[in-house]
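Just below is one structure, and these are the notes that go with it.
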There are 2 protein chains.
Amino acid sequence: MTLSNHIPLETVHEVRDTCLCLAVQRAARVLARRFDRAFQPFGLTNGQFSLMMALNGPRSPTVGQLAIFLAMDRTTLTAALKSLERRSLVTSETDEKDRRNRRLQITDAGRALLLAALPVWRSEHAALDAELGGDRPDQLRTGLRALAEGGNAP
Amino acid sequence: MTLSNHIPLETVHEVRDTCLCLAVQRAARVLARRFDRAFQPFGLTNGQFSLMMALNGPRSPTVGQLAIFLAMDRTTLTAALKSLERRSLVTSETDEKDRRNRRLQITDAGRALLLAALPVWRSEHAALDAELGGDRPDQLRTGLRALAEGGNAP
DNA sequence: TCATATTGAGTTGATATCAACTTAATTACA
DNA sequence: TGTAATTAAGTTGATATCAACTCAATATGA
């Protein structure tokens with residue numbers, strides 16, 4: 001190691017201890033694994049659960065609208081939808097008012113699967129809240145919302 | 001839509017507003033994009049920046065140790081290392097004391113690239129801290145650490 | 001109306017993610 | 001010592017992620 005381009009340990013620790021990007025990626029991996037495993041008996045991932053839940057609103061969202069809601073790149077969503085459509089859990093149809101739009105719907109089978117997974121989400125999430133304890137869950141929700149809203153336009 | 005398996009809007013909103021997993025995934029995507037773009041001039045992603053920074057400690061970590069630190073699956077890390085080794089930013093060698101272990105090192109070229117990217121990390125992160133304002137950055141760090149420590153064993 | 005700009009969505013290519021499984025080295029204990 | 005259990009790491013296959021680019025439909029303005 002040349003001294004000329006050495007990086008002081010202080011700096012290494014600064015990044016490790018303060019970088020919100022690193023902290024969020026770590027937490028995201030831990031929670032993704034945790035909920036993926038919880039939903040595994042239903043053949044769902046945490047992302048598929050969130051996606052399908054978002055299709056239960058009063059309006060049929062477009063790909064773009066759903067991508068913004070999930071703070072996800074549109075093209076990532078296109079790929080994710082492919083496997084859900086293949087499994088007939090979600091369908092889509094061209095919006096006849098504006099044929100550029102694709103309106104997404106959850107199917108009865110999708111809704112049934114989601115309903116079956118819901119109690120698992122509730123208990124897993126209650127356990128998580130309890131583990132964090134006190135104000136932390138709400139503080140996290142507030143902070144994470146601010147992070148996501150700070151730039152959910154891919 | 002059959003009424004028999006309808007999901008009440010209340011439930012949809014409950015998941016949308018309280019699910020920490022969804023909130024973390026959203027924030028993770030937003031921050032990953034933000035830092036990926038900031039590091040783009042250096043040909044680095046946020047993950048590569050964090051990974052390489054972690055190789056600047058006093059000890060040469062093994063694949064497994066680094067995976068635990070990043071709360072990442074070991075096999076994901078194997079794949080990530082492949083492209084960094086191909087670019088000669090990172091090297092590895094078998095630990096002769098225990099030949100199952102692979103010890104990872106950052107190269108001079110890797111350290112130079114990291115040093116060049118460091119000011120960008122500092123300014124981007126300072127901007128982020130400022131956008132969040134007040135206690136939020138520290139509250140987030142505390143909460144995210146608790147989330148990650150709650151289960152960083154893949 | 002017609003040409004241009006804008007918008008919504010998809011494809012391609014690269015990397016990221018993890019489960020399930022395999023291989024190799026070491027440790028434990030009979 | 002020798003065999004079984006454990007540990008570290010890798011491979012394969014599926015999905016996730018996004019940048020760069022393309023295509024089609026709609027909107028805008030001369």
Side-chain angles (χ1 to χ4, degrees), chain A residues 25-41 43-51 61-68 70-87 89 92-104 151-154, chain B residues 25-41 43-51 61-68 70-87 89 92-104 151-154:
Chain A
Q25 305 305 319
R26 269 198 281 225
R29 292 183 194 116
V30 169
L31 285 192
R33 273 194 297 272
R34 179 171 181 161
F35 281 86
D36 281 356
R37 284 167 191 176
F39 290 136
Q40 203 165 351
L44 289 177
T45 63
N46 79 90
Q48 292 171 333
F49 179 83
S50 301
L51 191 167
T62 66
V63 173
Q65 287 168 343
L66 186 55
I68 289 172
L70 297 171
M72 181 185 285
D73 191 274
R74 229 188 29 254
T75 67
T76 304
L77 186 52
T78 297
L81 286 168
K82 225 171 247 182
S83 93
L84 291 175
E85 293 198 88
R86 204 184 313 130
R87 290 166 67 189
L89 300 174
S92 66
E93 53 184 25
T94 302
D95 182 343
E96 290 302 329
K97 314 265 173 161
D98 185 341
R99 300 182 50 76
R100 289 172 301 187
N101 287 321
R102 219 179 115 197
R103 297 278 164 190
L104 304 171
N152 61 5
Chain B
Q25 305 305 318
R26 268 198 282 226
R29 291 182 196 118
V30 169
L31 285 192
R33 274 194 296 271
R34 179 170 181 163
F35 281 86
D36 282 355
R37 284 167 190 174
F39 291 135
Q40 202 164 355
L44 290 178
T45 62
N46 80 89
Q48 291 171 332
F49 179 83
S50 301
L51 191 167
T62 66
V63 173
Q65 287 167 344
L66 188 54
I68 289 172
L70 296 171
M72 181 185 286
D73 191 272
R74 228 189 29 257
T75 67
T76 305
L77 185 52
T78 298
L81 287 168
K82 226 171 245 182
S83 93
L84 292 175
E85 293 198 89
R86 205 184 312 130
R87 290 167 66 188
L89 301 174
S92 67
E93 54 185 25
T94 302
D95 182 344
E96 289 303 327
K97 314 265 174 162
D98 185 340
R99 299 181 52 76
R100 289 172 301 186
N101 286 321
R102 220 178 113 196
R103 296 278 164 190
L104 304 170
N152 60 6

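In what follows, chains are A, B, ... by sequence order, proteins preceding strands, each numbered from 1.
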Are Lys82(A) and Glu85(A) within salt-bridge range, i.e. N to O under 4.0 Å?
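No, Lys82(A) and Glu85(A) are not salt-bridged.
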
Without decimals, in angstroms, what is the distance between [X] [atom1] and [N] [atom2]?
| X | N | atom1 | atom2 | result |
| --- | --- | --- | --- | --- |
| Leu104(A) | dG8(C) | CG | C1' | 12 Å |
| Asp98(A) | dT6(C) | CG | P | 17 Å |
| Arg37(A) | dC18(C) | CZ | P | 9 Å |
| Glu96(A) | dA25(D) | CD | P | 11 Å |
| Arg26(A) | dT17(C) | CZ | P | 13 Å |
| Gln25(A) | dC18(C) | CD | P | 11 Å |
| Leu77(B) | dA8(D) | CG | C1' | 12 Å |
| Arg34(A) | dA19(C) | CZ | P | 14 Å |

Test your reading of the model: is there a side-chain donor-acceptor pair from Ser50(A) to the backbone of Asn46(A), 3.5 Å cut-off?
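Side chain of Ser50(A) to backbone of Asn46(A): a pair is present.
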
Say whether, by atom type as modelled, one donor and one acceptor occur between the side chain of Thr78(A) and the main chain of Arg74(A) under 3.5 angstrom.
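Between the backbone of Arg74(A) and the side chain of Thr78(A) there is a qualifying donor-acceptor contact (under 3.5 Å).
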
Short side-chain N/O contact from Arg33(A) to OP1 or OP2 of dT17(C), under 4.0 Å
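No, Arg33(A) has no side-chain N/O under 4.0 Å of OP1/OP2 on dT17(C).
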
Look for any protein N or O under 3.5 Å of an N or O in nucleotides 9-16 of chain C and output each such pair with its distance, or none.
residue	atom	partner	partner atom	Å
dA9(C)	OP1	Val63(A)	N	3.2
dA9(C)	OP1	Arg102(A)	N	3.2
dA9(C)	OP2	Gly64(A)	N	2.6
dA9(C)	N7	Arg74(A)	NE	3.3
dA9(C)	N7	Arg74(A)	NH2	2.7
dG10(C)	OP1	Arg102(A)	NE	3.4
dG10(C)	OP1	Arg102(A)	NH1	2.0
dG10(C)	OP2	Thr78(A)	OG1	2.8
dG10(C)	OP2	Arg102(A)	NH1	3.3
dG10(C)	O6	Arg74(A)	NH2	3.4
dT11(C)	OP2	Lys82(A)	NZ	3.2

Work out which heavy atom in Ala38(B) is nearest to a heavy atom in Pro41(B); give both atom names and the distance.
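Smallest interatomic distance, heavy atoms only, reads O-CD, 3.2 Å.
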
Per Arg99(A) side chain, nearest of listed nucleotides dA25(D), dT26(C), dA20(D):
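Among the listed nucleotides, the one closest to the side chain of Arg99(A) is dA25(D).
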
Quick one: CD on Gln48(A) to CG on Asp36(A), what's the gap to the nearest 0.5 Å?
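Rounded to the nearest 0.5 Å, the CD-CG separation comes out at 8.5 Å.
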
side-chain contact (heavy atoms from CB on, under 4.5 Å), paired with Arg103(A), selected from Asp98(A), Thr62(A), Thr94(A), Val63(A):
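The side-chain contact (heavy atoms from CB on, under 4.5 Å) with Arg103(A) is passed solely by Thr62(A) among Asp98(A), Thr62(A), Thr94(A), Val63(A).
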
